[in-house]
Asks: 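Quick one: this structure, given as structure tokens, is what I'll be asking you about.
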Amino acid sequence: MKIAGHDIRKLRRSELPEETMALARFMIGKVVVRALPEGVLAGRIVETEAYMADDAACHAHIGMTPRNRALFLARGHAYVYLAYGTAWMLNVSSAAKGEGAGVLIRALEPIAGLDLMALRRGTGNVRDLARGPGRLAQAFAIDRSLDGVDLTRDRRLWLGREAGAPERISQAKIGISTRIGLTKGAHLEHRFYLKGSRFLSGPGALNR
DNA sequence: GTATGGATGTTCT
DNA sequence: GAACATCCATACT
């Protein structure tokens, strides 16, 4: 599929690593695509965080509830929830069906549909369109209505890979740090980011 | 660039 | 009633 000059194809579930940390790392450099009636949006993933089942910060840690049920779907489904009453968070379920783990997408580099993103965000500053999990959800019109969709099958929201993108981004280009904004599990280094990207959400000290 | 404080509403105790 | 996987404006270096 051609999107604003980029050749992007949908990822298959079988391509997704079966382990949460591996998936969080794998997703760096992949693409989030959102099809709206007004047009198609796309962004390259530059920052993720892993939330494993045995981690107190993972919403699935307390067991299945109405809110977190999508985390228990097979890997590759969207888990969308509202944080602090104002910001939607987009996660990808990351474990086997029934297990309960996910990867939070924290920041995107906009590559298609920038005008639509700017309208939704109320700013023309490209750097601020999708830098942060709440911002990217606002730019991409992501809310509870997309909770539970299969990101390897859905037409409205899916994960893709650009033609020509490396199979595996070299280790030297990916940084690892503690996660952002947590009290539980604050010491765990479960955040992955594309080194040198201008579109990272964290404070400078965590982006080296 | 960093630091701080308030707004916000859903979820679970 | 507390706890939040945040954002924005503001002040400051």
Side-chain angles (χ1 to χ4, degrees), chain A residues 20-21 23-28 32 43 45-73 75 77-95 99-110 117-148 151 157 159 175-208:
Chain A
T20 301
M21 291 286 274
L23 178 63
R25 188 194 180 292
F26 170 86
M27 282 171 31
I28 301 295
V32 175
I45 299 170
V46 296
E47 182 180 343
T48 63
E49 286 178 352
Y51 290 86
M52 317 216 275
D54 61 354
D55 167 13
C58 178
H59 287 182
H61 188 247
I62 57 173
M64 201 188 300
T65 68
R67 175 173 74 153
N68 69 20
R69 62 165 197 90
L71 279 177
F72 293 82
L73 299 173
R75 70 188 192 281
H77 287 81
Y79 166 49
V80 181
Y81 74 94
L82 187 64
Y84 295 105
T86 56
W88 294 98
M89 303 285 121
L90 172 62
N91 299 251
V92 180
S93 68
S94 62
E99 220 173 288
V103 174
L104 171 67
I105 301 177
R106 283 197 60 90
L108 301 174
E109 172 184 351
M117 294 183 204
L119 270 179
R120 299 194 55 85
R121 288 277 304 123
T123 175
N125 185 344
V126 176
R127 187 168 180 247
D128 288 337
L129 293 179
R131 182 170 58 94
R135 290 167 176 163
L136 79 86
Q138 185 183 29
F140 278 61
I142 290 167
D143 63 22
R144 176 46 49 96
S145 69
L146 294 166
D147 187 40
L151 297 169
L157 181 65
L159 289 173
I176 299 177
S177 80
T178 52
R179 296 172 295 187
I180 294 172
L182 301 184
T183 51
K184 298 171 189 156
H187 65 288
L188 296 172
E189 300 205 313
H190 286 187
R191 172 174 175 263
F192 297 83
Y193 58 94
L194 186 64
K195 280 187 188 172
S197 171
R198 313 165 41 223
F199 299 94
L200 300 176
S201 73
L206 287 189
N207 293 340
R208 319 215 166 207

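Just the heavy atoms: all of them, side chains too, but no hydrogens, waters or symmetry mates, feed the values below. Chain naming here is simple, since letters A, B, ... match the order of the sequence lines and numbering starts at 1 in each. Quick caveat, the model's predicted, so the values are computed rather than measured.
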Asks: Check whether any side-chain N or O of A/Ser93 sits under 3.5 Å from a backbone N or O of A/His77 as a donor-acceptor pair, and report yes or no.
Replies: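 The answer is yes, because a donor-acceptor pair under 3.5 Å joins these two groups.
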Asks: Tell me, with the steps shown, if A/Arg120 and A/Gln138 meet side chain to side chain donor-acceptor pair (under 3.5 Å).
Replies: CA-CA 7 Å; A/Arg120 299 194 55 85; A/Gln138 185 183 29; over 6 Å; no
Asks: Enter the distance from A/Cys58:SG to A/Leu104:CG here, rounded to the nearest 0.5 Å.
Replies: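 A/Cys58 SG to A/Leu104 CG: 11.0 Å, rounded to 0.5 Å.
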Asks: Give me the one residue out of A/Thr48, A/Ile180, A/Leu200 that meets side chain to side chain contact (heavy atoms under 4.5 Å, CB included) with A/Arg106.
Replies: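 Answer after filtering A/Thr48, A/Ile180, A/Leu200: A/Ile180.
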Asks: Contact list please: residues 78-90 of chain A against DNA chain B, heavy atoms, distance less than 4.0 Å, in numerical order.
Replies: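 Hits under 4.0 Å, by residue number: A/Leu82, A/Tyr84, A/Gly85, A/Thr86.
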Asks: Rounded to the Å, how far apart are A/Gln138 CD and B/dA7 C1'?
Replies: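 My rounded result for the distance is 15 Å.
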Asks: Is the terminal nitrogen or CZ of A/Arg67 (NZ for Lys, CZ for Arg) located under 6.0 angstrom from the six-membered ring centre of A/Tyr81 and within 45° of that ring's axis?
Replies: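 Yes; both conditions hold, so A/Arg67 lies above the ring face of A/Tyr81.
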Asks: How long is the straight-line distance from CD of A/Glu49 back to CE of A/Met89, given to the nearest 0.5 Å?
Replies: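 Atom-to-atom, A/Met89:CE and A/Glu49:CD are 10.5 Å apart.
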Asks: For A/Thr183 and A/Gly134, find the nucleotide of DNA chain C closest to each by heavy atoms; which residue's nucleotide sits nearer the 5' end?
Replies: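 Its nearest nucleotide lies further toward 5', so the answer is A/Thr183.
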Asks: Heavy atoms under 4.0 Å, any strand shown: does A/Arg127 hit a base, just sugar-phosphate, or nothing?
Replies: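 Sugar-phosphate only.
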Asks: Specify the separation, in whole Å, of atom CD1 of A/Ile142 and atom P of C/dT6.
Replies: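 Result: 16 Å.
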Asks: May I have the distance from A/His61 (atom NE2) to C/dC4 (atom C1'), rounded to whole angstrom?
Replies: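 After rounding, the reported distance stands at 17 Å.
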Asks: Applying a 4.0 Å non-hydrogen cut-off, can you work out what A/Arg131 is touching in the nucleic acid: base, sugar-phosphate, or nothing?
Replies: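 Here A/Arg131 touches no strand at all.
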Asks: Apply ring pair (Phe, Tyr, Trp, His ring centres under 6.0 Å) to the pair A/His59 and A/Tyr51, showing each step before the final yes or no.
Replies: CA-CA 8 Å; A/His59 287 182; A/Tyr51 290 86; 7.4 Å; no
Asks: For A/Arg69 and B/dT10, give me the distance from atom CZ to atom P, rounded to whole Å.
Replies: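 Distance, rounded to whole Å: 18 Å.
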Asks: Does A/Lys184 put a side-chain nitrogen or oxygen below 4.0 Å from OP1 or OP2 of C/dC4?
Replies: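 Yes, such a contact exists.
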Asks: Is any side-chain heavy atom of A/Met117 closer than 4.5 Å to one of A/Phe140?
Replies: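 A/Phe140 reaches A/Met117 side chain to side chain.
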Asks: Can you give the dot-bracket line for DNA chain B, where a pair is Watson-Crick or G-U wobble with both atom distances under 3.5 Å, crossing pairs use [ ], and | marks a partner on another strand?
Replies: |||||||.||||.
Asks: Sort out for me which residue in A/Leu108, A/Leu129, A/Leu194, A/Val126 forms a side chain to side chain contact (heavy atoms under 4.5 Å, CB included) with A/Phe199.
Replies: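 Exactly one candidate clears the test, A/Val126.
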Asks: Considering only nitrogen or oxygen atoms on both sides, find all protein atoms under 3.5 Å from nucleotides 11-13 of chain B and state each distance.
Replies:
from, atom 1, to, atom 2, distance (Å)
B/dT11, OP1, A/Arg144, NH1, 3.4
B/dC12, OP1, A/Thr65, OG1, 2.4

Asks: For A/Ser201, which contact category applies under a 4.0 Å heavy-atom criterion: base, sugar-phosphate, or nothing?
Replies: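 Answer is nothing: A/Ser201 stays at 4.0 Å or more from every strand.
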Asks: A/Glu47 CD to C/dA5 P: how many Å, rounded?
Replies: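 To the nearest whole Å, that distance equals 16 Å.
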Asks: Where do A/Asp143 and A/Ser145 land on the side chain to side chain donor-acceptor pair (under 3.5 Å) test, with the steps shown first?
Replies: CA-CA 5 Å; A/Asp143 63 22; A/Ser145 69; 2.6 Å; yes
Asks: Can you find a side chain N or O atom of A/Arg198 that sits less than 4.0 Å from OP1 or OP2 on B/dG1?
Replies: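 Indeed not, no polar side-chain atom of A/Arg198 lies that close.
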Asks: Whole angstrom is fine here: how far is it from CZ in A/Arg191 over to P in C/dT6?
Replies: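 These atoms are roughly 11 Å apart.
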Asks: Which nucleotide sits closest to the side chain of A/Arg135: C/dC8, C/dC4, C/dT6?
Replies: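 Closest nucleotide to the A/Arg135 side chain: C/dC8.
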Asks: In whole Å, what is the span from the CG atom of A/Asn207 to the P atom of B/dG1?
Replies: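 Taking CG of A/Asn207 and P of B/dG1, I get 10 Å after rounding.
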Asks: For the OG atom of A/Ser197 and the CZ atom of A/Arg131, what is their distance to the nearest 0.5 Å?
Replies: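 With rounding to 0.5 Å, OG (A/Ser197) is 10.0 Å from CZ (A/Arg131).
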Asks: Would A/Val32 and A/Leu159 satisfy side-chain contact (heavy atoms from CB on, under 4.5 Å), going step by step from the backbone distance to the final call?
Replies: CA-CA 5 Å; A/Val32 175; A/Leu159 289 173; 4.1 Å; yes
Asks: To the nearest Å, how far apart are A/Leu182 CG and C/dT6 C1'?
Replies: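 Rounded to the whole Å, the gap is 12 Å.
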